[in-house]
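Let me begin by presenting the structure, written as structure tokens, before commenting on it.
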Amino acid sequence: MKYHENFDVIVIGGGHAGTEAALASARLGTRTLLITHNIETLGQMSCNPSIGGIGKGHLVKEIDAMGGMMAKAIDQSGIQFRILNQSKGPAVRATRAQADRVLYKAAIRTALENQENLSIFQQAVDDVIIKADKIVGVKTQMGLIFYAKKVVLTAGTFLSGLVHVGLENYEAGRAGDPSASSLALKLRELDLPVGRLKTGTPPRLDGRTIDYSKMIEQSGDFPTPYFSNLSNKNEHPQQISCWITHTNTQTHEIIKEGLDRSPMYTGVIEGVGPRYCPSVEDKIQRFADKSSHQIFIEPEGLTTHEVYPNGISTSLPFDIQCDFVRTIVGLENVHILRPGYAIEYDYYDPRSLRSSLESKVIEGLFFAGQVNGTTGYEEAAAQGLIAGMNAALAVQNKECWSPSRDESYIGVMIDDLTTRGVTEPYRMFTSRAEYRLLLREDNADIRLTPKARTLGLIDDHHWESFSRKQDQIENEKTKLKKTILKPKNLNKSIQNKYLSKEIENEYSAFDLLKRPELSFVSLYEIMGETPSVDKVIGEQVEIFAKYSGYINRQKEEIERNKAHLKLNIPADFDYNAIHGLSIEAKQLLLKHLPETLDQATRISGITPATISILLVHLKRKNIYGSVKQKKRVA
Amino acid sequence: MHNLNDTISAVATAPGPGGIGIVRLAGPKALSIAEKICSKPITPNQFSFHSFKNAKKELIDQGVALFFQKPHSFTGDDVIELHAHGGPIVLQILLQECISQGSRLAEPGEFTKRAYLNNKIDLSQAEAVADLINASTTKAAKSAMQSLSGNFSKKINELLEKLIQLRTYVEASLDFPEEEIDFIKDGQIKEKIESLAISIQEITKTAKQGKLLREGVQLVLIGQPNVGKSSLLNQLLGEDKAIVAEVPGTTRDPVSSQLSLGGIPINLVDTAGLRETDDVVEKIGITKTWDNIRTAGIIIFLVDARTGITEYEKNVYKQLPKDINIIWVYNKLDLLNGQKANLTQDFVEPIFISAKLNQGIEHVHDEILKLLGFHDADSNEQIFMARERHVVALNEVNNHLANAIYNLKNPDLCAEDLSLSQKALSRVTGSFSSEDLLGEIFSQFCIGK
């Protein structure tokens, strides 16, 4: 049976990738349908109840800068906000928040239901309809067919999801939800490279049975930070604390006793898990000399007693889980509400995707989120935004766009995925970014909002607010550059308070701000004035002054690389015909099929000499091309 | 991967001694760099005579500058050729000046590659260019390995390991602040950077490149009393400088003379024979000899061909520094009277000479040049150049580490400085990706909030 209306873009899945994809597509004015197996779980946080953190907070701010929803939703639902790495420099400073799961879901659902051009439909998708390597629609569980020009697949861990608790296992998309096994089987029939990954969660605990008096309290920052530049600072709900406790040698002994019934250590689980988020049994095996591991007790919300013990994800049998949890200080009498488990799922090798996240194999089919081998809500949402936007742009016959490594973490992630692929669930870290000093949380809007505006993702309200901020920053910079400070006019005691050395010559206030020990606020004190701009503006000006040397160097490097590395490598480029390339290099290039010379440089095993040879040949191709064109014109 | 907008420079003439040598510069800054060195404007397409001077306005050499203006040049960029007097030292110093004024040492085959990319070479030559890049890269890598004594390359690798370890700590502190592994906070990082900086300074000293260029190589003659050291010295110098007499212990003070071999200044030191003695004056001479040996680049160990290596030589050999270059020379060929030299039990392949009759001296010359890395005149990437790359990289690492210490209170900048240090070092040791770094972090620290 065919549904009576055709759509431009269909998004399969209503998680963090799916919802951002649907919103971005609809925002660009294309008729969009989001199909989910359960409307009640739209925007569900399946794992830990938090958003942001190092690298991840950067992604959330970038999503916000491009008109996405995640930042606004967490601002409306966050119950503890902190700035991590506060003292380690603006580039690695990152915002993190604990979420009330119910409020978060509600914020996302409200946004979806109020988005123009967007419809929602509840039904599991069982098949994708493909004609001549081109997607034309999807078929649901009850046989309903929806036709669409483009489809975005965001199935998360639901494709052949297999949940493990001890040696027991069962099919599920996550605990409590069915897996999408029919869709997975159909997708496996397509000629797409598929693999298995694994992730896990800890047992969830009943907060009424926890003795918090034995734990260390960790409260949020004050004033409460926020993610979105557009959020009203008063819209955060009530703020509460997290708690810290530790495992001990007794915990470790019990865990070791259960290893013979661990699906990880008995070979039942085939999928590869993340090294940075190991299960507690993994931690104990791999770091045997550590007698204690940290656990963060994170509240799941304001209206529930359920808590998430972050740091003890496990797939050990339930009896072992009960025993080891009760050895932990403060959890002696704890009741487990839901057992911890590991889940294995299908992912599709992201190297078969273009940087637009469209499949190189099936035209019009876009992939985003955990199906691409990533982990984390933020990584999923960012991909969803790009995939949904590009699906819509493709419908409108516009050129697809994806940010580059030098302008965003989103670009770093998409480039890593599409050129290097994954060997474990991919998570963002700031050390993945070679231009880390440029890619800060505080300038996400400067980096991305102008481009997002031209793409059509930014509404007038957002744009005006952005432009106002930009003007203020520029005006303040100009003001400080014009303000000349003369040693004789300055108060000595105030100077001594802030400066390691009194100033001897005339300086512009801007140049003085370059000194590491001087902040924007203390500069004004020395000047004998009060700042007329917001703290956020002052911070931008200060970073601009202090980091300009490094930032300029990174910018110069980007410019230098641009000249030749931006050369596109045609999809049908014949590596075998290139004289001088080693067999190994040919194999690597054929495996990865880089889209640009720049991508080729990042393939592991490709040497500078190989790049030089490729450059020589690409150049030849270009010259031939341009010679031909010239002839045609003549 | 280097790009086309840099200004590159290299010695363009074949390595080894020659009448005229050329340093070539190509790129947007070629002219301004050359004009700084020549201290006056250079006109396109004209020969002009200049004094080449360094930044301190000290004279390096006098010669001719030629300016090929873009696009009418070999590479299609602005190209400057500085024609100086041959000899690797002058050319290396001139090249170093070009580098310190803002150019970068050209990669092997890079001038040709640029010429190609700027359409100055016919398209059909693409394959040839590819071959050139391949061949010269391999050769450069090989030269770099050859140029490094086992000890030096071991030290470079240790250094790299330390740097990676350091970055592992810093990056882990930045990416995982909630993991109880905050090394920045607890002050360990500062100590580690400082210790690394000291290692770098020490290793730069071992590289000795700059010293070699400016002051030349110290060549020390040792051997039993009266084995003919002074005669050999005289033959090498072509003058009667040392006292030559048939009495053991004649040379009581080390005699030092300047000699130019293939353009490299060599400081040749004749020493007192090393032996047990009660003579106070001679004792002083022997102490001085050991001082000279410790600073020597090359040692010529002179042996009497009639006796071969005896307990005396074995005993002295044991006391020599382990990684020093030794040339074994068997003298007094003329006194063998048709008998064979005594080679029994000898562990070396010596050069046979007669210092008295001036026979075989040219072989000693050749061996000295070979040890200095000038034997292979066909080599595209001479060893001198390969070492130069290491020294350039080490200096850069040193600067970045100094910045890292300055930036300790801004850890994100400090991390950037360390990353730049590693980038500089990886140009001579091979690359290391962010993925490798994360691998190090995960293998050393239990991450997992």
Side-chain angles (χ1 to χ4, degrees), chain A residues 53-55 84-85 87-93 275-278 280 282-283 286-287 290 293-294 296 310-311 313 416 420 429-434 436-437 516-517 546-547 550 554 559-561 563-565 578-581 601-602 604 607-609 611-613 615-617 619-620 623-624, chain B residues 1-6 107-110 113 116-117 119 123 126-127 129-134 136-138 167 171-180 182 184-185 406-407 409-417 419-420 430-431 433-439 441-443 445-449:
Chain A
I54 313 291
L84 307 180
N85 278 348
S87 61
K88 291 182 191 158
V92 294
R93 208 170 282 159
R275 285 171 300 177
Y276 45 84
C277 187
V280 69
D282 234 13
K283 290 183 186 179
R286 284 180 43 216
F287 297 94
K290 263 196 106 176
H293 295 274
Q294 204 175 208
F296 291 83
N310 200 339
S313 118
D416 280 348
R420 290 188 187 142
F429 301 108
T430 65
S431 51
R432 293 194 193 274
E434 49 278 71
R436 177 160 66 190
L437 298 177
E517 69 270 24
K546 288 204 170 60
Y547 282 57
Y550 282 82
Q554 292 203 336
E559 281 310 309
R560 272 193 274 124
N561 287 338
H564 277 274
L565 293 178
I578 296 183
H579 180 80
L581 275 187
T601 61
R602 285 187 298 278
S604 165
T607 62
I611 296 298
S612 289
I613 293 167
L615 174 60
V616 162
H617 282 265
K619 181 80 182 175
R620 179 164 71 156
I623 294 165
Y624 275 144
Chain B
M1 178 62 207
H2 287 297
N3 59 80
L4 289 171
N5 303 327
D6 288 356
E107 295 295 310
E110 198 173 3
K113 183 175 110 184
Y116 174 78
L117 291 173
N119 310 328
L123 288 174
E127 267 74 19
V129 176
D131 279 348
L132 173 68
I133 293 167
N134 256 351
S136 42
T137 311
T138 321
R167 289 198 63 208
E171 294 294 333
S173 307
L174 296 182
D175 262 338
F176 307 99
E178 293 180 290
E179 298 285 354
E180 304 175 305
D182 201 335
I184 295 177
K185 225 184 241 167
Y406 176 78
N407 279 323
K409 289 216 167 102
N410 300 306
D412 55 351
L413 292 184
C414 176
E416 174 74 8
D417 293 318
S419 156
L420 289 170
S431 64
S433 69
S434 64
E435 193 54 45
D436 298 331
L437 188 65
L438 284 167
I441 294 176
F442 299 140
S443 67
F445 308 116
C446 183
I447 303 292
K449 184 188 167 176

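Chain letters run A, B, ... following the sequence lines, proteins first, then strands; residues in each count from 1. Here the structure is a predicted model, which is why all the values come from computation and not from measurement.
- Take A:E434 and apply the side chain to side chain contact (heavy atoms under 4.5 Å, CB included) test, not counting sequence neighbours, and it matches A:R405, A:R602.
- The two residues B:E178 and A:F296 have their closest heavy-atom pair at O-CZ, 3.8 Å.
- Contact annotation: the side chain of A:Y547 approaches that of B:D412 to within less than 4.5 Å [non-hydrogen atoms, C-beta and beyond].
- A side-chain contact (heavy atoms from CB on, under 4.5 Å) with B:D175 holds for exactly one of A:V92, A:N85, A:T430; it is A:T430.
- Within the 4.5 angstrom heavy-atom criterion, only side-chain atoms of A:Q554, from C-beta onward, approach chain B.
- Proximity of a side-chain donor or acceptor of A:K88 to a complementary backbone N or O of B:P177 within less than 3.5 Å is not detected.
- In this structure, B:K409 NZ and A:E517 CD are separated by 9.0 Å, a value rounded to the nearest 0.5 Å.
- Closest of all the heavy-atom pairs between A:S87 and B:P411 is O-CD, 3.9 Å.
- Remark: A:S313 engages A:P202, A:S279 in a side chain to side chain contact (heavy atoms under 4.5 Å, CB included) (not counting sequence neighbours).
- Within the 4.5 Å cutoff, the side chain of A:R436 has heavy atoms near those of the B:L174 side chain.
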